[in-house]
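Right, one structure below, let's go through it.
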Amino acid sequence: MSLPYTSASTGEIMSSLAGQQLPAMELPCLAFHLCGRSTPLFSAPEQKRITAAGDMEEILKGKVVCPTAQGHLLVRDPATAATFLCDPRNGDKTHLPPLRGVEGSVLVDSHCLLSGEPASPGCVVLLVEPDDTSIWYVRPGDDDRWVKHDYDIGTMVLDHDEGLQEKEVICPMAACRGKFYFNSLPTELGVLEFCPGPVFSSIEIDDTIAADGSYGCEDGGKPRDVHLVESDGELYMVNLLCTNTRRDRIYRASVHRMDFAEGRWRKVKDLGGRVFLLSLFYFGASCSGGHGLRKDCVYMVYPVKKAMLVFDVEEGTIEMRNLDDEVPASDKAFWVLPTNCEE
């Protein structure tokens with residue numbers, strides 16, 4: 001049974017919307033996830049509450065939800081551990097084995113990725129825990145259980161004098177060309193393949209910075225958020241340079257495309273007319289421009305701050321917009337996309 005809303009602002013919103021005819025859902029849209037309670041959907045350009053397709057609202061009610069860049073939503077019932085992928089366009093489900101062993105508070109912050117379409121042979125559904133060296137994976141239709149794998153990709157030194165260090169974790173990550181790429185470092189890019197179990201490797205990266213800025217990536221030593229995004233079969237890296245440790249004050253941004261032949265990150269001046277959609281916990285996706293979203297722009301949503309960053313790649317401008325008062329405070333916000341990434 002789902003728990004009642006505890007947020008006063010959300011309760012007021014639900015009360016005010018009772019009996020009203022809400023606009024139909026148009027994807028992509030924003031979801032504000034109240035973990036284990038509900039996942040209200042809002043239009044991205046207008047930030048007004050919209051009606052989910054079919055019985056999607058009932059399907060998501062009381063569930064823990066993780067989005068994927070391909071549009072499918074990973075959904076788990078906390079009461080039964082029943083787990084499935086859901087197509088937000090119509091509510092169609094791809095049933096998976098029950099996901100047990102991951103706490104709801106961990107699952108809600110985890111990153112879910114697909115190596116391909118769920119119905120395609122050998123597709124891997126991958127779940128990456130946010131602060132632990134553990135991944136979970138399953139092949140829809142082939143596996144009868146989720147497999148947990150503990151990985152070791154090295155250590156990070158926290159204090160040289162004290163000798164403090166901790167295990168490196170996977171973040172960020174994106175699926176591209178059937179593989180998973182992660183942790184874009186100055187001199188290497190991590191790679192995860194399933195053959196059939198997980199196999200880790202890396203690609204050497206040329207960290208030379210061109211004088212004209214056409215390739216190479218300079219971070220200026222400031223804190224930054226890095227998101228990896230697959231778009232039209234290419235791998236991109238979005239850098240958001242921050243002025244604060246909460247990483248919600250952005251003063252500079254850039255987008256680079258991976259040149260696999262040269263082993264370089266090449267700076268791009270547009271997104272080919274597409275839009276990149278980012279959210280916390282390293283989610284990054286690409287969709288066609290339109291739907292009220294400007295082409296060649298990067299959108300990043302901050303649920304606690306109730307704000308949205310818009311980075312125009314062509315113009316090089318950054319704008320931070322306040323979200324509408326109607327938007328509720330939530331555990332997390334994420335993008336809901338059409339399952340056909342070309343839409």
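Just so you know, these numbers use all the heavy atoms, side chains as well, and skip hydrogens, waters and symmetry mates. Numbers for residues simply follow the sequence, beginning at 1. Because the structure is a prediction, the values reported are computed rather than measured.
Following chains of ILVMFWY side-chain contacts shorter than 4.5 Å, one cannot reach Val124 starting from Leu127, and the two form parts of different hydrophobic clusters. If you chain together hydrophobic residues whose side chains sit under 4.5 Å apart, Leu337 and Leu113 never meet in one group. Under the 4.5 Å side-chain contact rule for hydrophobic residues, Met173 and Val238 do not share a cluster. Connection of Tyr137 to Val128 is established within a shared hydrophobic cluster, with ILVMFWY side chains joined at heavy-atom distances below 4.5 Å, either directly or through further cluster members. Both Leu228 and Ile205 are members of a single hydrophobic cluster when ILVMFWY side chains are connected at heavy-atom separations under 4.5 Å.
Under the 4.5 Å side-chain criterion, counting only non-hydrogen atoms from C-beta, Leu114 is in contact with Leu85. With a 4.5 Å cut-off on side-chain heavy atoms, Val301 and Leu323 count as touching. For the pair Ile170 and Asn183, the minimum side-chain heavy-atom distance is below 4.5 Å. For the pair Leu280 and Met300, the minimum side-chain heavy-atom distance is below 4.5 Å. With contacts defined as side-chain heavy-atom distances shorter than 4.5 Å, the pair Phe180/Pro198 does not qualify. Between Glu326 and Lys48, some side-chain heavy-atom pair lies under the 4.5 Å cut-off.
Across all their heavy atoms, Met56 and Gly91 have their closest contact at SD-CA, 3.8 Å. In terms of heavy atoms, Ile59 sits closest to Val75 at O-CG1, 4.5 Å.
In Asp131, the CG atom is not crowded: 12 or fewer heavy atoms of neighbouring residues, nucleotides or ligands sit closer than 6.0 Å. Heavy atoms from other residues, nucleotides or ligands lying under 6.0 Å from NZ of Lys305 number more than 12. Remark: Arg177 CZ is packed, more than 12 non-hydrogen atoms of other residues, nucleotides or ligands lying under 6.0 Å away.
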(message) Tyr299 vs Leu30, test: side-chain contact (heavy atoms from CB on, under 4.5 Å). Steps then yes/no.
(response) CA-CA 11 Å; Tyr299 289 79; Leu30 280 168; over 6 Å; no
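Of the possible polar contacts, one joining the Gln47 side chain to the Asp324 backbone as a donor-acceptor pair under 3.5 Å is found. His111 contributes no side-chain N or O that, together with a main-chain N or O of Pro130, makes up a donor-acceptor pair within less than 3.5 Å. Judged by distance alone, with hydrogens and angles left aside, the side-chain atoms of His256 form a donor-acceptor pair with the main-chain N or O of Gly216 at under 3.5 Å. Under a 3.5 Å cut-off, the side chain of Asp152 and the backbone N or O of Gly154 do form a donor-acceptor pair. In this structure, Asp296 contributes its side chain and Gly273 its backbone to a donor-acceptor pair below 3.5 Å. A donor-acceptor pair under 3.5 Å links the side-chain atoms of Thr68 to the main chain of His72, judged by distance alone. In terms of modelled atom types and a separation under 3.5 Å, the side chain of Arg139 and the main chain of Pro196 share a donor-acceptor contact.
Ion pairing between a basic and an acidic side chain is recognised when a charged N comes within 4.0 Å of a carboxylate O; Asp109 and Lys332 show no such pairing. With salt bridges taken as basic N to acidic carboxylate O contacts below 4.0 Å, none links Asp259 and Arg264.
Donor-acceptor pairing under 3.5 Å is lacking for the side chains of His33 and Ser330.
Classification of the Tyr151-Phe200 ring pair by plane angle, with boundaries at 30° and 60°, yields tilted.
When hydrophobic residues (I, L, V, M, F, W, Y) are linked wherever their side-chain heavy atoms come within less than 4.5 Å, Leu185 remains an isolated member.
With sequence neighbours left out, Pro45 forms a side-chain contact (heavy atoms from CB on, under 4.5 Å) with Ser43.
Just one residue in the list His95, Arg100, Lys63, Arg76 forms a side-chain contact (heavy atoms from CB on, under 4.5 Å) with Thr83, and that residue is Arg76.
For Tyr181 and Phe260, the ring centers sit closer than 6.0 Å to each other.
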